[in-house]
Amino acid sequence: MNTALPEDITEFGAVAAKRFTRFGGPQAALQAETDDHVRHDARVALADLGAFDLDVRSADDDLLAAAVLCQAAGAAALPYPLVEELLTIDGARLALVNPEAPRIDHGDLAGDWIAADLDGSRYHVQPSSRTTAKLGPFLVPATLTEPDGTVSAADVDLHLTLGSWRILGAVQQALEITRQHVTARMQFGKPLAEFQAVRFTIADASVAVRGLYELAKYTISRTGSTAPQVCSADALMLRLKAADTARQVLRTAHQLLGALGFCDESDVSILDRHTQPLIRLPVSSELIALRLMPRTPGIR
């Protein structure tokens, strides 16, 4: 079975990765924490790539292009709400929230926002100011109105799916940084990569990331072609797998990089801090798993 993406989509992903590298990669995201102009520049980079011309709701090729664009953005920790803007409704960015504790990543940016929960209930949003949090440095609290309509289940599924592609890019990059570190780092006269325990740890993380990549491609290929209940279950499963894989890979990276992995001189630290909103929101992995149980045959 050939699961490779079309050649033109792969090439677009490579072009996007090069553009985000030229933008500055994770170190630009670090700079954006204290300089809002960098986030404006991130939007310019996306516009250069034609991101805002993509029709992710009705064009299959555009959806695949959006997926690899989100993957490249995740690898660069791009400081911009790409998924939310790809899914704008009437000019307002769409955020997925937990109504009990609403938070919006980059919610402080100028422009209109609307929010939806996983059931599709729609809310108007009043974001607050940024805090000084280190995990999710652009995450802001928000005030929601009472529900005043619904957002389609397809939009909720697309949000979960494209957000998972961002997580995929982040964990792929974190794993590559870790692989390079253990290859170059000498300990007791030989590279860390030659120690069996390190090899096993890297192998486990590599298998998890490869599995996430295959699941991401499978999920995006089924979007819109199966029953809505199946699409929703696929999107929830992908987000659950993405969050669990991110925790495993980031734990591995911190373990093998040691103190370096917690310093912002290392891109692993920036990737970790900036990916936390995607890992934790809109709800925890435990709640996603509970939502999946009634949708899974044989589980009650």
Side-chain angles (χ1 to χ4, degrees), residues 46 51-60 62-67 69-70 73 80-128 138-167 216 219-220 222-240 242-243 277-285 287-292 294-295:
L46 289 167
F52 307 119
D53 297 325
L54 296 174
D55 182 2
V56 299
R57 291 184 172 92
S58 57
D60 291 345
D62 282 9
L63 179 57
L64 284 176
L69 182 65
C70 288
Y80 197 80
L82 173 58
V83 175
E84 290 78 359
E85 195 143 331
L86 287 172
L87 291 168
T88 54
I89 297 176
D90 297 329
R93 301 184 188 99
L94 174 63
L96 285 187
V97 299
N98 177 358
E100 296 181 4
R103 300 286 187 274
I104 296 177
D105 203 19
H106 297 279
D108 60 313
L109 286 174
D112 295 329
W113 290 84
I114 59 173
D117 58 25
L118 290 179
D119 293 317
S121 298
R122 174 174 168 164
Y123 308 85
H124 287 290
V125 180
Q126 182 60 52
S128 301
F138 303 114
L139 199 62
V140 301
T143 302
L144 306 182
T145 63
E146 290 298 316
D148 64 349
T150 59
V151 168
S152 71
D155 277 0
V156 174
D157 295 342
L158 283 173
H159 205 297
L160 289 169
T161 300
L162 291 175
S164 297
W165 277 82
R166 276 204 71 148
I167 296 175
T219 303
I220 205 81
R222 282 162 56 93
T223 300
S225 62
T226 55
Q229 301 94 323
V230 175
C231 286
S232 294
D234 284 351
L236 287 168
M237 180 57 75
L238 177 60
R239 178 53 68 89
L240 181 63
L278 283 166
I279 297 172
R280 299 167 181 261
L281 298 178
V283 296
S284 66
S285 295
L287 291 178
I288 290 178
L290 288 174
R291 292 181 69 89
L292 268 170
R295 304 166 191 254

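Position 1 is the first residue of the sequence, and the numbers go up from there.
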Acceptor/donor pairs from residues 158-166 side chains to any protein atom, 3.5 angstrom cut, sequence neighbours excluded:
unit_1, atom_1, unit_2, atom_2, d
His159, NE2, Leu94, O, 3.0
Thr161, OG1, Asp157, O, 2.8
Ser164, OG, Leu160, O, 2.8
Ser164, OG, Arg239, NE, 3.2
Arg166, NH1, Tyr80, O, 3.0
Arg166, NH2, Leu78, O, 2.9

Atom of Leu118, atom of Val283 and distance for their closest heavy-atom approach: CD1-CG2, 3.7 Å

Met237 CE to Ser232 OG distance, which is reported to the nearest 0.5 Å: 13.0 Å

Ser121 and Thr150: CA distance, side-chain angles, deciding distance, side-chain contact (heavy atoms from CB on, under 4.5 Å) verdict: CA-CA 5 Å; Ser121 298; Thr150 59; 5.6 Å; no

Worked verdict on Ser284 versus Leu287 for side-chain contact (heavy atoms from CB on, under 4.5 Å): CA-CA 5 Å; Ser284 66; Leu287 291 178; 3.6 Å; yes

Heavy-atom side-chain contact between Val97 and Pro282 under 4.5 Å: no

Interatomic distance, Thr145 atom OG1 to Arg122 atom CZ [nearest 0.5 angstrom]: 9.5 Å

Side chains of residues 98-114: which donor-acceptor pairs under 3.5 Å do they make with residues two or more places apart or in other chains?
unit_1, atom_1, unit_2, atom_2, d
Asn98, OD1, Glu100, N, 3.1
His106, ND1, Arg39, NH1, 3.1
Asp108, OD1, Arg39, NH1, 3.1
Asp108, OD2, Arg39, NH2, 2.6

By salt bridge (Lys or Arg N to Asp or Glu O under 4.0 Å) - contacts of Asp155 (at least two apart): Arg57

Closest approach of Leu236 to Arg291 (non-hydrogen atoms, all atoms of both residues): CD1-CB, 4.3 Å

Verdict with reasoning, Leu281 to Leu96, per side-chain contact (heavy atoms from CB on, under 4.5 Å): CA-CA 8 Å; Leu281 298 178; Leu96 285 187; over 6 Å; no

Spacing of Asp55 atom CG and Leu63 atom CG [to the nearest 0.5 Å]: 9.5 Å

Backbone N/O of Thr219 and side chain of Thr223: donor-acceptor pair under 3.5 Å: yes

Donor-acceptor pair, side chain of Asp117 and main chain of Asp119, under 3.5 angstrom: yes

Closest non-hydrogen atom pair, Ala115 against Val125: CB-CG2, 3.4 Å

Smallest separation among heavy atoms of Ala51 and Leu86, with atom names: O-CD2, 3.4 Å

